[in-house]
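Here's the structure, in C-alpha cells; my notes come after.
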Amino acid sequence: MTSAVVVLAGGTGGAKLARGMLDVAGSLTVIANTADDIEIYGAHVSPDPDLCSFWLADLIADRGWGLRDDTFSVMDALRELGADIWFNLGDRDLAIAIQRSQRLAEGARLTEVLSELGTALGLRARVLPMTDDTVRTWVKVDARWLTFQEFMIRARGTAEIQDMVLRGVDGATATPEVLDAIASADVIVIGPSNPVISIGPILAVGDMRQALIDSEAPVVAISPLVGGAAIKGPTEAFMRWAGYPPNAEAIASIYDGVLDGIVADERAGDAIAVLKTDTLMRDAGDRRRVAEETLRFAEALG
Ligand code: GDP
C-alpha cells in the first residue's frame, strides 16, 4: 500500500493507531490535539503530540505516558524543596518541554518545534499540532473551572462534568501544514480517541471541518469504545455530558458531516458505511491489523 494517510489523534487510542498506521501507510501525518497542553515548571508540555511522537519512535513507556527508561530526579528534587508536584514528568520528558518553551520564546511556531522533536527522535512520520494558536480545554466540576490536566489528575477525571469550554478556539486557525496535509491525503482517519476532548478540539479549529469536507480523501473514524466501553479515561463521561450514549452510532453522529465510514466492534446504524471488526490494540500485531483493515476499508470507499 502506498497511501498518504492523515490521522487525527489524542494521546492514547489515536496514538496507538498512528503507530500501527506507520507500518502500513505510504506516508503518515498525524494531526494532534493541543488543547491539553500545559505550561508548568517553566516549560511547555504538549501531552498528545508528544505521546504520538513517543509511540511513533517506539519510545513510549509501558505505563502509557512518558518515555521508556526515563528517570524522575527533577520531580524528586522539587519535592525535596517543598514543591507541590501534582503533574509528574520524567527528566527527559521535561527536557523536551523546556526546549519547546525556549524555541517558542524565540518566536518559533509550535509546528516547527514539533518537527524539530520529530527529527531528534528520528521519526518516519510527521506530527503536526492542530493549530499554532493557544486553545485550552477547561472543565467545570463542583462549580469550579479546572484546566484539563487539573481535572484529569487532581480531580482524577472522575468528578461529574458540569460544563466544558475550549478557550481560544474561536480565534484559532489551522496551519498551512495541516491544510496541505488534509488536501493532499489519500485517506483520513479519525483515530479511536475521545470524540469530545481529543478530536472535538481538532474539529473546532477554524477551517478544519471545511478542509476535511473539501478533501477528496475518504474520512473514516475508529470508535474508541471497545465492548461498549472506553478502555481508559473519561470518554463515556464526556459523551454523556455532550448528550450522547456510549456507542459507535453516537460516535458516527458526533462526526456527522465529515465522515464517510466508521470502524467499530459493534453495529453503528444504517446512516454510514461500517466495518465491524475487533478494534482492541493489545500489541504491535493488533495495531498493524487494525490500521491495515481501516486503510483497506477507507480505500474501498474512496
Ligand atoms: P487521551 O488524549 O490520552 O485522552 O487519548 P485519546 O483521546 O487518544 O484516547 C482515549 C480513548 O482511547 C479512550 O476512549 C479509549 O477507549 C481509547 N482506546 C485506547 N486503546 C484503544 C484500543 O486499543 N482500541 C480502541 N478502539 N480504542 C482504544
Side-chain angles (χ1 to χ4, degrees), residues 7-21 30-38 45-56 60-66 87-88 127 129-130 135-137 139 147-149 151-153 156-158 161 164 166 189-203 220-242 244-248 250-252 254-255 262-266 268 274-294 297:
V7 172
L8 275 50
T12 304
K16 274 157 70 176
L17 185 270
R19 178 60 191 86
M21 205 49 91
V30 178
I31 299 174
N33 169 41
T34 56
D36 299 355
D37 282 20
I38 173 173
V45 184
S46 291
D48 286 0
D50 285 355
L51 291 179
C52 289
S53 297
F54 299 169
W55 268 105
L56 290 168
I60 189 83
D62 288 342
R63 62 181 170 268
W65 61 270
F87 189 87
N88 221 1
V127 177
M130 64 187 195
V135 179
R136 295 290 179 270
T137 301
V139 185
T147 63
F148 181 72
Q149 299 300 341
F151 166 74
M152 283 302 289
I153 298 169
R156 294 197 171 76
T158 54
I161 300 156
M164 66 158 284
L166 300 173
V189 180
I190 300 179
S193 291
N194 187 318
V196 181
I197 50 160
S198 293
I199 304 298
I202 301 177
L203 296 180
V220 300
I222 302 175
S223 172
L225 302 167
V226 176
I231 290 174
K232 188 181 151 200
T235 296
E236 290 145 283
F238 276 98
M239 287 184 74
R240 211 166 30 242
W241 171 79
Y244 294 96
N247 60 47
I251 299 284
I254 293 176
Y255 300 143
I262 185 160
V263 180
D265 64 2
E266 58 178 329
V274 182
L275 173 67
K276 192 162 171 287
T277 188
D278 176 10
T279 65
L280 180 59
M281 295 176 283
R282 307 165 198 83
D283 55 26
D286 284 342
R287 289 190 287 275
R288 188 191 164 100
R289 177 188 54 77
V290 172
E292 193 159 16
E293 288 184 17
T294 300
F297 170 61

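Numbers for residues simply follow the sequence, beginning at 1. Counting starts at 1 for both ligands and their atoms, following the listed order.
- Taking the side-chain hydrogen bond (donor to acceptor under 3.5 Å, both in side chains) definition, one finds that R282 meets it with D278, D286, sequence neighbours left out.
- In this structure, E236 does not pair ionically with R240, as no charged nitrogen and carboxylate oxygen lie closer than 4.0 Å.
- Here salt bridge (Lys or Arg N to Asp or Glu O under 4.0 Å) pairs that include residues 9-19, with residues two or more places apart or in two chains, are R19-D23, R19-D58.
- Listed by chain and number, residues touching ligand 1 at under 4.0 Å (heavy atoms only) are G10, G11, T12, G13, G14, K16, D48, P192, S193, N194, S198, S223, P224, V226, A230, I231, K232, T235, T279, L280, M281.
- Listed by chain and residue number, K232 satisfy the side chain to side chain contact (heavy atoms under 4.5 Å, CB included) test with T12 (two or more places apart in sequence, or in another chain).
- No more than 12 heavy atoms of other residues, nucleotides or ligands shown are found within 6.0 angstrom of CZ on R156.
- Between F148 and F238, the ring-plane angle classifies as tilted under the 30° and 60° cut-offs.
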